[in-house]
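I have placed the structure first, in the form of structure tokens, so that the comments after it can refer back to it.
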Amino acid sequence: MTENTDISTDKTPKPVLNFIQEIIENDIRNNKNDARVHTRFPPEPNGYLHIGHAKSICLNFGLANKYNGKCNLRFDDTNPVKEDVEYVDSIMEDVRWLGFDWEDRLFYASDYFEQIYEFACQLIQKGKAYICDLSAEEISNLRGTTTQAGTESPYRNRTIEESLDLFHRMRAGEFAEGSHVLRAKIDMASPNMHMRDPILYRIIHTEHHRTGNKWCIYPMYDFAHGQSDSLERITHSICTLEFEVHRPLYDWFIRELEIYAPQQIEFARLNLSYTVMSKRKLLELVKNNYVNGWDDPRMPTICGLRRAGYTPESIRNFAETIGVARRDNIIDVALLEHCIREDLNKKAARVMTVMNPLKVIITNYPENQTEELDAINNPEDASMGTRKVPFSREIYIEREDFMEDAPKKYFRLAPGKEVRLRYAYYITCNDVIKDPETNEIIELHCTLDPLTKGGSSPDGRKVQGTIHWVSIQHAQQIQVNLYERLFTKENPEDLAEGEDFKINLNSNSLNVIKAYAEPYLGQNSVSGSKFQFERIGYFCADYNSTNHSPIFNRTVTLKDSWSKMQKS
RNA sequence: UGUCCGAUGGUGUAAUUGGCAACACGUCUGAUUCUGGAUCAGAAGAGUUCAGGUUCGAAACCUGAUCGGACAACCA
């Protein structure tokens with residue numbers, strides 16, 4: 001008999017590793033960095049985080065969790081003119097909300113300004129950096145092009161002593177912005193533009209949100225980022241593809257400074273269909289009021305998704321599902337929507353609401369009678385219990401759920417047809433009352449079968465359709481924000497010459513309506529609580545919602561095979 | 001007219017590192033259901049951008065082409 005001590009290894013499918021995990025597992029095998037795994041999420045506090053950042057957060061923190069390592073949160077705050085505490089606060093809130101914990105490892109690049117200044121001095125002393133007095137425009141002109149070598153600055157061979165003196169005086173605040181910069185002395189003919197004597201420090205007389213007026217010179221991102229990773233002993237510096245061309249420069253700094261070398265690994269950033277992801281464009285939408293702030297539920301920002309009703313679990317699961325690779329990608333937003341439906345299906349309490357009411361009078365039901373019917377809160381989770389739903393003679397149903405000339409495939413209410421009112425009775429439509437002027441249907445007269453109370457009939461006869469309803473006298477009016485995709489085009493940035501991405505904005509992306517809900521909804525919703533409005537979609541109580549005037553945001557519709565059928 | 005990176009069903013991501021292309025979403029059937037939801041069962045859809053080469057055998061390795069992306073801020 002063959003030995004088979006561990007059956008589970010046979011059954012468990014081999015976990016599929018992404019290319020980063022493969023690199024890390026290989027490093028662990030080789031005991032690189034003593035098999036330590038230490039990552040970081042390094043945002044600049046100059047905007048709100050979006051779903052693309054969520055991918056990076058899940059990646060970095062997820063890797064640390066998986067390999068028993070650590071992940072730092074570090075703000076790359078090297079440009080005081082663009083950054084603000086408002087952004088650092090929102091970023092911390094979002095990372096925490098996503099479910100990740102940096103413990104005591106909250107850092108700022110500005111924590112290292114003194115050290116980075118010291119690095120700069122070392123470079124000058126080695127003859128590897130110099131102060132350049134050229135203007136921004138002159139520097140740009142002398143940089144050459146991608147196909148032509150640049151020209152060396154006339155200040156390039158300034159003495160070490162002079163550069164050092166000038167650099168100290170820059171720090172002391174003796175010079176105006178733009179008058180001097182510190183540059184690395186590398187190679188003006190390099191095919192890599194980033195190696196053509198890049199700028200290391202510039203003068204900015206702006207108060208920094210953390211260091212105040214202590215500094216008037218600030219390191220460039222390129223001169224701060226790699227060294228920050230090094231100082232934090234980051235083992236795997238994971239970043240997006242566009243920084244790949246910067247890697248030789250970071251490696252140059254590390255080598256010249258003779259400091260610990262993290263390994264940079266680049267991956268392709270997330271693109272989502274029907275939205276834009278660039279901070280600049282999102283800011284434009286906010287600033288020009290195309291949306292109502294960074295946390296507008298139509299925004300792909302984390303706070304926007306949160307306000308729309310997305311859960312951290314659904315976003316983490318999304319990040320897991322899309323994977324990580326190096327090729328450009330556009331993920332179908334339908335996948336994100338699938339992830340939130342999947343999560344909310346298990347968690348959200350069901351409730352009946354009518355969006356577009358059509359009055360129904362149950363003619364054989366006594367006028368002053370009311371009864372409480374039992375309804376299941378979540379058929380996917382019995383532990384969520386049941387509730388009472390009030391029923392009476394006059395109810396609202398959805399206008400969509402009635403058709404005068406119904407095709408055979410239409411399972412809902414029609415003249416002479418019987419349907420089930422969810423958790424209530426079978427009703428049959430006898431009369432259609434119309435406005436004599438407009439010919440618009442104003443109400444329906446129906447009769448119920450008293451034997452079908454609760455929603456099933458003793459004779460076992462089948463009805464094709466079940467529709468939701470709300471008792472008029474018990475109904476609470478609610479405001480519902482029906483959000484749709486922000487853009488009409490799969491790739492809003494796919495534009496003809498001279499066109500602006502805003503021409504692809506969906507003019508119908510927000511529809512505010514009044515709807516009617518069973519009493520349970522208003523009594524049980526606090527800001528952020530999530531519900532499934534039966535047969536309609538998932539909704540989340542807005543933070544402006546009160547018991548008196550409830551407001552709900554549509555997270556996502558339910559899948560709707562009927563409307564799909566109709567289209568084809 | 002440069003350098004670097006990439007290319008696998010409609011969309012993503014895999015393929016034990018050279019051994020018959022799999023998974024998820026989407027799409028379509030059917031079953032089931034007091035949500036046209038959920039669930040269950042199944043199907044269609046790529047022969048891996050192209051052309052050569054190495055090999056018994058290539059999505060993978062080599063060469064060339066094509067297409068796409070990144071790079072010339074005192075932004076990150």
Side-chain angles (χ1 to χ4, degrees), chain A residues 13-14 16-18 22 42-44 46-47 76-79 81-83 132 134-137 139-141 143-150 177-183 190-194 196 198-204 218 220-222 224-225 240-248 266 268 273 279-280 321-339 341-342 345-346 350 352 375-376 379-380 409-412 419-424 426 452 454-456 463-468 490 532-537 557-565:
Chain A
K14 186 178 180 285
V16 174
L17 301 181
N18 63 48
E22 265 181 40
E44 185 194 14
N46 71 339
D76 272 337
D77 54 351
T78 56
N79 185 359
V81 320
K82 290 191 174 174
E83 296 151 8
C132 181
L134 258 22
S135 70
E137 197 189 346
I139 289 175
S140 172
N141 291 150
R143 188 148 25 220
T145 67
T146 49
T147 54
Q148 268 182 305
E177 285 187 17
S179 60
H180 303 270
V181 290
L182 178 69
R183 291 230 257 167
S190 171
N192 184 339
M193 300 296 288
H194 298 280
R196 320 246 264 224
I199 291 166
L200 271 29
Y201 262 90
R202 75 289 210 196
I203 300 168
I204 301 177
Y218 292 91
M220 297 288 288
Y221 170 85
D222 277 351
H225 185 80
T240 46
L241 247 27
E242 67 268 29
F243 292 105
E244 187 168 24
V245 280
H246 297 237
R247 195 171 59 206
E266 307 87 8
S273 62
K279 276 190 196 173
R280 203 208 88 225
T321 307
I322 59 177
V324 187
R326 286 174 62 86
R327 72 179 99 141
D328 293 332
N329 61 81
I330 302 179
I331 308 283
D332 192 340
V333 71
L335 182 59
L336 216 210
E337 293 171 346
H338 166 261
C339 290
R341 285 194 191 104
E342 186 182 47
N345 177 47
K346 292 177 297 190
R350 271 62 168 169
M352 291 198 286
I376 295 166
E380 305 291 322
K409 287 285 205 177
Y410 188 80
F411 298 159
R412 283 108 102 148
V419 294
R420 171 165 40 232
L421 292 179
R422 179 139 235 229
Y423 299 125
Y426 292 4
T452 59
S456 56
V463 287
Q464 274 187 123
T466 301
I467 64 176
H468 60 275
E490 196 171 315
Q532 184 196 101
F533 291 180
E534 290 221 28
R535 303 209 305 133
I536 300 173
T557 60
L558 249 33
K559 286 215 280 185
D560 185 354
S561 51
W562 166 243
S563 76
K564 211 179 288 173
M565 259 173 77

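Given the structure is predicted, the values throughout are model-derived calculations rather than measurements. Throughout, a chain's letter reflects where its sequence line sits, starting with A, and its residues are numbered from 1.
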Atom CD1 of A/Ile376 and atom P of B/U33: how far apart are they, to the nearest Å?
15 Å
Please report the distance, rounded to the nearest Å, between CG in A/Asn192 and P in B/U3.
13 Å
Nearest to side-chain heavy atoms of A/Ala325, which nucleotide of B/G12, B/G37, B/U13
B/U13
Rounded to whole Å, how long is the line connecting atom NZ of A/Lys346 with atom C1' of B/G37?
15 Å
Take atom P in B/G69 and the same atom in B/C62, then report the distance between them in whole Å.
25 Å
Taking the nucleotide of RNA chain B with the closest heavy atom to each, which residue, A/Ile330 or A/Glu244, is nearer the 5' end?
A/Glu244
B/U27 and B/A44, which share atom name C1', separated by this distance in whole Å:
9 Å
Just confirming the chi classification of B/U39, syn or anti, using 90° around 0 as the syn window.
anti
When we call it a touch if two heavy atoms are under 4.0 Å apart, what does A/Tyr218 touch: a base, just sugar-phosphate, or nothing?
nothing
Nearest 0.5 angstrom please: A/Ile536 CD1 to A/Asp560 CG, how far?
10.5 Å
Any donor-acceptor N/O pair under 3.5 Å between B/U13 base and A/Arg327 side chain:
no
Considering every strand and a 4.0 Å limit on heavy-atom distances, what is the contact class for A/Leu558: base, sugar-phosphate, or nothing?
base
Interatomic distance, OG@A/Ser273 vs CD1@A/Ile330, rounded to 0.5 Å, equals 8.0 Å
Sub-3.5 Å donor-acceptor pair from the side chain of A/Arg326 to the main-chain atoms of A/Glu266, do we have one?
yes
For A/Arg420 and B/G37, what is the distance between atoms CZ and P respectively, to the nearest whole Å?
15 Å
Which whole-number value in Å describes the distance from A/Asp328 CG to B/U8 C1'?
16 Å
Could you give the distance from CG (A/Leu421) to NE2 (A/His468), rounded to the nearest 0.5 Å?
11.0 Å
Classified by glycosidic angle (syn within 90° of 0, else anti), B/G47 comes out syn
So, the side chain of A/Arg202 versus the backbone of A/Glu177: is there a donor-acceptor pair under 3.5 Å, distance only?
no
Between atom NE2 in A/His468 and atom C1' in B/U35, what is the gap in whole Å?
10 Å
Minimum side-chain heavy-atom gap A/Phe411-A/Val419 below 4.5 Å:
no
Quantified in whole Å, what is the C1' atom distance between nucleotide B/U17 and nucleotide B/U66?
27 Å
Given side chains that start at C-beta, do those of A/Ile139 and A/Val181 come closer than 4.5 Å, heavy atoms only?
yes
Treat primed atoms plus P, OP1 and OP2 as sugar-phosphate and everything else as base, then score nucleotides 18-26 of chain B 5' to 3': B for base contact with protein heavy atoms under 4.0 Å, S for sugar-phosphate contact only, - for none.
------SSS
What interatomic distance, in whole Å, is found between P of B/U1 and the corresponding atom of B/G6?
25 Å
Interatomic distance, A/Glu44 atom CD to A/Glu83 atom CD [nearest 0.5 angstrom]
4.0 Å
A/Arg535 side chain: which of B/U13, B/U35, B/G6 is closest?
B/U35
Is a side-chain donor or acceptor of A/Arg196 paired with a backbone partner of A/Thr145 at a separation under 3.5 angstrom?
yes
Nearest-angstrom distance, P atom, B/A21 to B/A72:
43 Å
Using a 3.5 Å limit for the pairing distances, which stems of at least 3 consecutive Watson-Crick or G-U wobble pairs does RNA chain B take part in?
B:2-7 with B:66-71, B:10-13 with B:22-25, B:27-31 with B:39-43, B:49-53 with B:61-65
Along RNA chain B (nearest heavy atom to each residue), the more 5'-positioned of A/Pro379 and A/Ala268:
A/Ala268
Within a reach of under 6.0 Å around CD of A/Glu22, are more than 12 heavy atoms found that belong to other residues, nucleotides or ligands?
yes
Expressed as a whole number of angstroms, how long is the span from A/Gln532:CD to B/U35:P?
11 Å
Under 4.0 Å, heavy atoms only, any strand: does A/Arg412 hit a base, just the sugar-phosphate, or nothing?
base
Describe the nucleic acid contact of A/Ser561 in one word from base, sugar-phosphate, nothing, applying a heavy-atom distance below 4.0 Å.
sugar-phosphate
Atom C1', compared across B/C75 and B/C71: separation rounded to whole Å
15 Å
Rounding to an integer number of Å, can you tell me how far A/Ile322 CD1 sits from B/U13 P?
9 Å
Quick note, A/Arg326 side chain, CB onward, closest among B/G6, B/U17, B/G36 is B/G6
Detail all sub-3.5 Å separations between protein N/O atoms and N/O atoms belonging to nucleotides 73-76 of chain B.
from	atom 1	to	atom 2	distance (Å)
B/C74	OP2	A/Arg143	NH2	2.9
B/C74	N4	A/Leu134	O	3.1
B/C74	N4	A/Ala136	N	3.1
B/C74	N4	A/Gly178	O	2.9
B/C75	OP2	A/Arg202	NE	3.2
B/C75	OP2	A/Arg202	NH2	2.8
B/C75	O3'	A/Arg202	NH2	3.3
B/C75	O2'	A/Asn79	ND2	3.1
B/A76	OP1	A/Thr78	OG1	2.7
B/A76	OP1	A/Arg202	NH2	2.9
B/A76	OP2	A/Tyr221	N	2.9
B/A76	O4'	A/Glu44	OE1	3.4
B/A76	N6	A/His246	NE2	3.4

Looking at CD of A/Gln464 and NZ of A/Lys409, how far apart are the two atoms once the value is rounded to the nearest 0.5 Å?
9.0 Å
Does A/Ser190 reach the main-chain N or O of A/Asn192 with its side chain, forming a donor-acceptor pair under 3.5 Å?
yes
Heavy atoms, side chains only, cut-off 4.5 Å: are A/His225 and A/Pro42 in contact?
yes
Polar side-chain contact A/Glu380-B/U39 base: donor and acceptor under 3.5 Å
no
Picking from B/G36, B/C71, B/U35, the nucleotide nearest the side-chain atoms of A/Tyr410 would be B/G36
Just one of A/Arg535, A/Arg420, A/Arg422 clears the side chain to side chain donor-acceptor pair (under 3.5 Å) bar with A/Thr466, so which one?
A/Arg420
Roughly how far apart, to the nearest Å, are B/C61 and B/U48 at atom P?
15 Å
Taking the same atom, P, in B/U49 and in B/A58, what whole-Å distance lies between them?
15 Å
May I ask you to say what A/Val81 touches in the nucleic acid, namely base, sugar-phosphate or nothing, with a heavy-atom cut-off under 4.0 Å?
nothing
